[in-house]
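Encoded as structure tokens, the structure appears first; notes follow it.
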Amino acid sequence: MSKFINDASTLPVAWTKAAASGNDNDCVELASLDGAVFIRDSKNPTGPALCFTPSEASAFLAGAKAGDFDHI
């Protein structure tokens with residue numbers, strides 16, 4: 001289901017970022033709507049967002065927590 005939204009600011013959602021990021025505006029934000037999970041760059045709120053199914057988003061987060069992307 002992965003798809004691309006050109007302007008994330010058009011989505012009627014409340015964006016959330018990790019509490020550990022504090023006031024830093026250099027992070028990833030997530031939101032959910034109608035069973036989809038959206039991910040965007042907080043530095044560019046009117047930029048693109050990626051849309052995933054809950055299982056796709058869970059797999060990504062599990063990989064990130066496990067260090068699967070540390071080499072990137």
Side-chain angles (χ1 to χ4, degrees):
M1 173 187 171
S2 301
K3 62 182 178 177
F4 186 81
I5 306 298
N6 285 323
D7 183 349
S9 68
T10 63
L11 295 168
V13 297
W15 292 94
T16 304
K17 61 182 178 177
S21 66
N23 291 329
D24 188 10
N25 205 31
D26 191 17
C27 56
V28 172
E29 293 180 309
L30 290 99
S32 64
L33 177 68
D34 297 331
V37 178
F38 297 91
I39 301 175
R40 74 175 182 182
D41 181 348
S42 64
K43 293 185 309 280
N44 191 8
T46 60
L50 298 174
C51 177
F52 298 97
T53 64
S55 60
E56 290 170 331
S58 291
F60 171 75
L61 292 173
K65 289 177 183 177
D68 293 350
F69 309 112
D70 289 354
H71 66 285
I72 297 176

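Bear in mind that the values here come from a model prediction, so they are computed numbers and not experimental data.
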Return yes if some donor-acceptor pair links the side-chain N/O of Ser42 with the main-chain N/O of Cys27 below 3.5 Å, else return no.
-> yes
Which atoms form the tightest heavy-atom contact between Pro54 and Val37, and what is the distance?
-> CA-CG2, 4.1 Å
Pairwise salt bridge (charged side-chain N to carboxylate O under 4.0 Å, His left out) hits with a residue in residues 62-72, at least two apart = none
To the nearest 0.5 Å, how far apart are CZ in Phe38 and CG in Leu50?
-> 10.5 Å
Taking every heavy atom of Ala8 against every heavy atom of Ala49, the minimum-distance pair comes out as CB-CB, 3.7 Å
Value for CG (Asn44) from CG (Asp7), rounded to nearest 0.5 Å, stands at 9.0 Å
Honestly curious: do Val13 and Ile5 fall in one hydrophobic cluster under the side-chain, below-4.5 Å linking rule?
-> yes
Contacts satisfying salt bridge (charged side-chain N to carboxylate O under 4.0 Å, His left out) that involve residues 29-54 (not counting sequence neighbours) are Asp26-Lys43, Glu29-Arg40, Asp41-Lys43
Heavy atoms only: give me the nearest Phe52-Ala57 pair and the separation to one decimal.
-> CB-N, 4.1 Å
If Ile, Leu, Val, Met, Phe, Trp and Tyr residues are connected whenever their side-chain heavy atoms lie under 4.5 Å apart, and connections chain through other members, are Leu30 and Phe4 in the same group?
-> yes
Going only through I, L, V, M, F, W and Y residues with side-chain contacts under 4.5 Å, is there a path from Phe69 to Val28?
-> no
Listed partners of Leu61 passing side-chain contact (heavy atoms from CB on, under 4.5 Å), at least two apart = none
